[in-house]
Amino acid sequence: MTDSPQDRRDRIARQFIAAIPHARALGMELQEVGEGRAVIAMAHAPHLVGDPETGVIHGGAVSALMDTCGGAAVMAHPAGPIGTATLDLRIDYMRPATAGHRITATAEVYQMTRSVAFVRAVAVDQDDTRPVATATGAFTVEWAKEARA
Amino acid sequence: MIRRPEPVQVVKQRRDGALQALVNQVPYIGFLGVHFDRRGDELTAVLPYDDKLIGNPVLPALHGGATAAFLEVTAIIELAWAILWDEMESGAPPEALPPVRLPKTIDFTVDYLRSGLPRDAYARARINRSGRRYASVHVEGWQDNRDRLFVQATGHFLMPSREG
């Protein structure tokens, strides 16, 4: 069996999520992977609520989703990094997510350098025309030693 | 006429009770396991280590999202606590105060200085500006050494309206 680039990206991104205890604890599910791109969903759950009055998910859980999605997008980049960590992440909260609905984040690497990946991400709920939150981040990039001398 | 100061246990009980009530209303704070140490009006947030907070199992290191959430919780509680403190200390009986509605995050920027070690983390928030509608807050997070921050963050918040 050959491992096509898409298969390889899929495998790496799936392993990346499955291996992260905090992503599992928040119920994150990988939906899609492409070249330097990842889509991850997080179901609504009572323990993720930040505002008891409205039942809206805490911003911190949205941050964790954006951060994980950004990291997965870096790992799915065709240049083939073997590791990444967040350097900086800014989240803008556009509107409260609708209570009871899952949140889906899409992250994209829009610039990859030898040492840094620049990432943008957007999160939506069932209404995908109005973002719940957007994020921009800088991520470190690790390469296999022999791959980049 | 000089009023005798209240017995210290009464003051402590009132303040700790108000803080507990504030923190306990947020399910996500319970999920993360965050609690707050109080010295007078100064709060220190504590994130006790837990396996579910791990983001990189190889190193291992805390998840950047868990760290961000910890700092955001610290900022929000600090702001709500500042509102509550002023009302509580003005002498109004706590049961007469309207419940504090939580500030809403407008934006939050996290600066990861070093990887979070698999152990307890601490954070303190400083309110740099708090107006009628908006507030700007800076948060510092550390683990073993107060002077070696592993993360810092700045955020803007929409303040709750406060008519009783």
Side-chain angles (χ1 to χ4, degrees), chain A residues 15-28 40 42 44-72 82-96 105 133-140 142, chain B residues 22 24-34 47 50-77 80 99-116 118 151-158 160:
Chain A
Q15 283 168 352
F16 178 76
I17 303 288
I20 301 174
H22 193 61
R24 281 206 310 270
L26 293 176
M28 292 184 203
I40 299 178
M42 184 173 72
H44 186 276
H47 61 268
L48 302 183
V49 168
D51 188 342
E53 248 183 277
T54 57
V56 168
I57 300 255
H58 195 281
V62 179
S63 297
L65 176 65
M66 296 293 221
D67 187 66
T68 306
C69 199
I82 59 157
T84 183
T86 321
L87 267 177
D88 163 276
L89 189 70
R90 175 193 164 110
I91 317 254
D92 290 297
Y93 297 95
M94 310 289 184
R95 66 173 173 95
T134 62
T136 51
F139 288 72
T140 67
E142 309 293 330
Chain B
L22 184 64
N24 287 349
Q25 64 172 316
V26 185
Y28 190 64
I29 297 182
F31 167 73
L32 286 176
V34 174
L47 176 70
D50 190 288
D51 288 343
K52 73 166 186 273
L53 301 175
I54 287 293
N56 183 332
V58 180
L59 289 175
L62 296 182
H63 194 289
T67 305
F70 173 49
L71 296 195
E72 195 177 323
V73 161
T74 305
I76 291 173
I77 293 299
V100 171
R101 285 164 56 220
L102 298 172
K104 292 189 173 17
T105 315
I106 299 168
D107 61 65
F108 203 66
T109 307
V110 187
D111 178 12
Y112 297 93
L113 303 170
R114 34 177 74 84
S115 73
V151 63
Q152 61 181 349
T154 306
H156 295 93
F157 298 83
L158 198 58

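We name chains A, B, ... by the order of the sequence lines, and we start the count at 1 in each one. No hydrogens, no waters, no symmetry mates; every other heavy atom, side chains included, goes into these values.
Contact annotation for B/Ala68: only side-chain heavy atoms (C-beta onward) come within less than 4.5 Å of a heavy atom of chain A. At a 4.5 Å heavy-atom cutoff, B/Leu113 makes no contact with chain A through either its backbone or its side chain. Neither the backbone nor the side chain of A/Ala85 comes within less than 4.5 Å of any heavy atom of chain B. When heavy atoms are compared at a cutoff of 4.5 Å, A/Pro96 does not approach chain B at all. Proximity to chain A (any heavy atom under 4.5 Å) is shown, for B/Asp111, by both the backbone and the side chain.
The residues B/Arg101 and A/Asp51 are annotated as not salt-bridged, no charged nitrogen and carboxylate oxygen being separated by less than 4.0 angstrom.
Chain A forms more heavy-atom pairs under 4.5 Å with one residue of B/Ile54, B/Thr105, B/Ile29, B/Val26 than with any other, namely B/Ile54. Comparing A/Ala23, A/Ser63, A/Pro52 by heavy-atom pairs within less than 4.5 Å of chain B, the highest count is held by A/Pro52. Counting heavy-atom pairs under 4.5 Å between each of A/Leu87, A/Thr68, A/Thr136 and chain B puts A/Leu87 at the top.
Taking all atoms of both residues into account, the shortest heavy-atom contact from A/Leu26 to B/Phe31 is CD2-CE2, 3.4 Å. A pairwise comparison of heavy atoms in A/Pro21 and B/Asp51 identifies CB-O, 3.5 Å as the closest pair.
Counting only heavy atoms from C-beta outward, the side chains of A/Val49 and B/Pro27 approach each other to under 4.5 Å. Two residues are said to be in side-chain contact when any heavy atoms from C-beta on lie closer than 4.5 Å; B/Tyr112 and A/Thr86 meet this criterion. No side-chain heavy atom of B/Lys52 sits less than 4.5 Å from a side-chain heavy atom of A/Arg24. Counting heavy atoms from C-beta outward, B/Tyr28 and A/Ile57 have side chains that stay 4.5 Å or more apart. With a 4.5 Å cut-off on side-chain heavy atoms, A/His58 and B/Leu32 do not count as touching. B/Ile106 is not listed as a side-chain neighbour of A/Asp92, based on a closest heavy-atom distance of 4.5 Å or more.
The line from OH of A/Tyr93 to CD of B/Glu72 is 3.5 Å long, rounded to the nearest 0.5 Å.
A tilted orientation is assigned to the rings of A/His22 and B/His63, their planes being inclined by 30° to 60°.
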task = Walk me through it: do A/Asp88 and B/Thr109 pass the test side chain to side chain contact (heavy atoms under 4.5 Å, CB included)?
result = CA-CA 7 Å; A/Asp88 163 276; B/Thr109 307; 3.8 Å; yes
